[in-house]
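Comments concern the structure below.
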Amino acid sequence: MLAKPDNLIIVIFGASGDLTNRKLIPALFELYKQELMPENFAIVGTARSQLSQKDFHSRLKNGVSNPDIVAKTEEFLEHVYYLQLDPGVLNGYHELKSELSILAEKHKSRGNYIFYLSTPPSVYGIIAENLALAGLSAEDNQGWKRIIIEKPFGIDYSSAKSLNNHLLKFFNERQLYRIDHYLGKETVQNLLVTRFSNGIFEPLWNRNFIHHVEITAAESIGVEDRGSYYDHSGALRDMIQNHLLQVAALVAMEPPSSMDDWAIRNETLKVFQSLRHFPVNELDKYVIRGQYTKSHIKGKLAKGYREESNVDPESRTETFAAIKFYIDNWRWGDVPFYIRTGKRLPTRVSEVVIHFKSTPHRLFVENQEFCNTGNQLVIRIQPDEGILLKFGMKVPGTGFNVKNVNMDFRYKDLGNGRLPDAYERLLLDCMQGDATLYARGDAVDAAWNFVQPILDYWKNHPEAPLFGYPAGSWGPDVADDFIEGKNINWRYPCKNLADDGVFCEL
Ligand code: BG6
């Protein structure tokens with residue numbers, strides 16, 4: 001049983017935004033219900049909007065109210081305060097500091113603070129600077145100070161690097177918690193346990209036995225109301241540079257020397273440093289980008305990306321991206337890794353598929369289906385979280401007919417309740433001072449450095465292929481030819497749902 005975190009105050013910047021009532025407050029409330037919050041604590045929301053404490057509480061109530069536990073909700077909200085603050089104006093931070101010392105006295109939190117930056121990224125730097133100028137960043141015997149930074153962390157290599165450098169003027173690396181909610185997912189953490197607590201997988205986990213690795217994060221939703229953000233981001237920045245490369249690092253890393261946060265993140269960094277640079281003259285062979293177009297999904301009209309609100313009607317932003325890359329080290333040699341992600345695909349599924357090599361001599365060639373797929377270990381991140389091992393079995397009866405069968409583990413069969421939301425785990429870890437599941441600055445830089453040639457190429461060659469795919473399909477059809485090897489394809493966990501629409505180059 002984990003010890004409770006020290007008493008503390010959590011200050012949320014940008015608290016009038018959606019993330020606070022959708023994710024942060026519900027996660028903190030859940031921890032509170034499970035008695036995982038500190039003995040005493042305060043949560044202070046700050047934002048530019050003028051709100052009374054009562055207004056703020058009523059905004060949050062959706063995420064925390066539950067008719068069965070009204071008293072608990074009220075008790076929790078007694079710890080929640082609001083203070084109007086313009087993040088760009090230093091004076092407000094002096095006021096914040098004096099309010100915080102009153103609350104620190106009341107909640108016996110000494111000088112322990114988490115500052116959660118849930119604002120637009122353009123003000124991350126100034127918040128860190130103003131906190132420091134107001135004397136709220138230095139750690140002394142008055143307690144610890146930690147700062148959680150939401151994504152996006154930079155929009156390219158140089159902006160991420162300068163943000164890192166700027167933050168490091170005011171906070172040291174051990175105080176910085178760069179959030180990547182994928183790392184908070186149980187099933188992503190389970191990659192470490194699957195690999196390093198079982199004797200059976202690790203001996204096979206290398207170029208001698210693995211043919212290729214596939215990582216998919218498919219979403220059935222489109223850009224919804226986030227067009228103005230997404231149109232300047234695109235799938236590569238939004239999903240691959242951060243979440244999916246972090247997942248790839250957990251699949252590919254060497255065993256860490258211990259479960260210490262520094263040791264694990266050293267291994268992540270080594271993977272990123274070993275990523276083979278893309279050949280800039282042949283990028284189209286390594287990267288595919290696509291954009292969803294209008295279609296009907298189960299008879300219902302689905303908009304194309306360019307018709308979404310706040311999206312440029314001539315946008316060339318990718319809503320689908322697939323990359324192929326190699327990790328130049330002894331373990332992986334020439335094993336290709338494929339990552340694909342997209343919006344408006346037929347279903348929501350995130351999974352890692354380890355495709356093992358076939359047997360050196362094929363005795364049972366008559367079964368093409370099995371021969372083509374070989375053994376696969378499917379690690380389902382979401383939904384229907386679990387692990388599936390696919391292998392060949394003899395079909396009862398005459399001859400030696402081989403059939404692909406599944407050995408299937410589902411988290412829900414454990415029967416001990418819900419999987420915690422990523423934010424619960426990540427917030428609790430930060431309170432405990434454990435940064436294992438947060439991205440370290442050097443790794444963020446290295447991941448941006450890896451994708452930067454693609455961003456440059458698309459920027460400098462707007463005419464580079466952008467493939468339209470009907471909303472509800474599995475992305476551009478050209479992505480099928482992308483995977484090397486005879487008869488090898490992506491895993492399609494469900495059927496194409498687009499009734500119509502055309503695959504075309506936009
Ligand atoms: C976010 C992206 O980081 O992750 C979104 O900005 C995306 O565009 C989301 O939808 C996906 O997260 P999850 O947990 O639903 O897979």
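As the structure is a prediction and not an experimental result, all values here were calculated from the model. Order of listing sets the numbers, starting from 1, for every ligand and every atom in it.
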Quiz item: Are Lys4 and Glu35 side-chain neighbours, meaning at least one heavy-atom pair lies under 4.5 Å?
Solution: yes
Quiz prompt | Selection residues 218-228 - residue pairs positive for side chain to side chain donor-acceptor pair (under 3.5 Å), sequence neighbours left out | solution = Glu219-Lys343
Practice problem: Could you pull out every protein residue that has a heavy atom closer than 4.0 Å to ligand 1, ordered by chain and then number? | Solution: Lys151, His181, Tyr182, Lys185, Glu219, Arg226, Asp238, Met239, His243, Lys343, Arg348, Gln382
Quiz item: How would you list, by chain and number, every residue that makes a ring-ring contact (aromatic ring centres under 6.0 Å, His included) with Phe115, sequence neighbours excluded?
Solution: Tyr113
Self-check item: Contacts of Lys161 that satisfy side chain to side chain contact (heavy atoms under 4.5 Å, CB included) - sequence neighbours left out
Solution: Tyr157, Asn165, Asp445
Quiz item: Trp262 ring centre to Arg174 NZ or CZ under 6.0 Å, with the angle to the axis within 45°?
Solution: yes
Quiz item: Looking at Tyr32, does the NZ or CZ of Lys72 lie under 6.0 angstrom from its six-membered ring centre and within 45 degrees of the ring axis?
Solution: yes
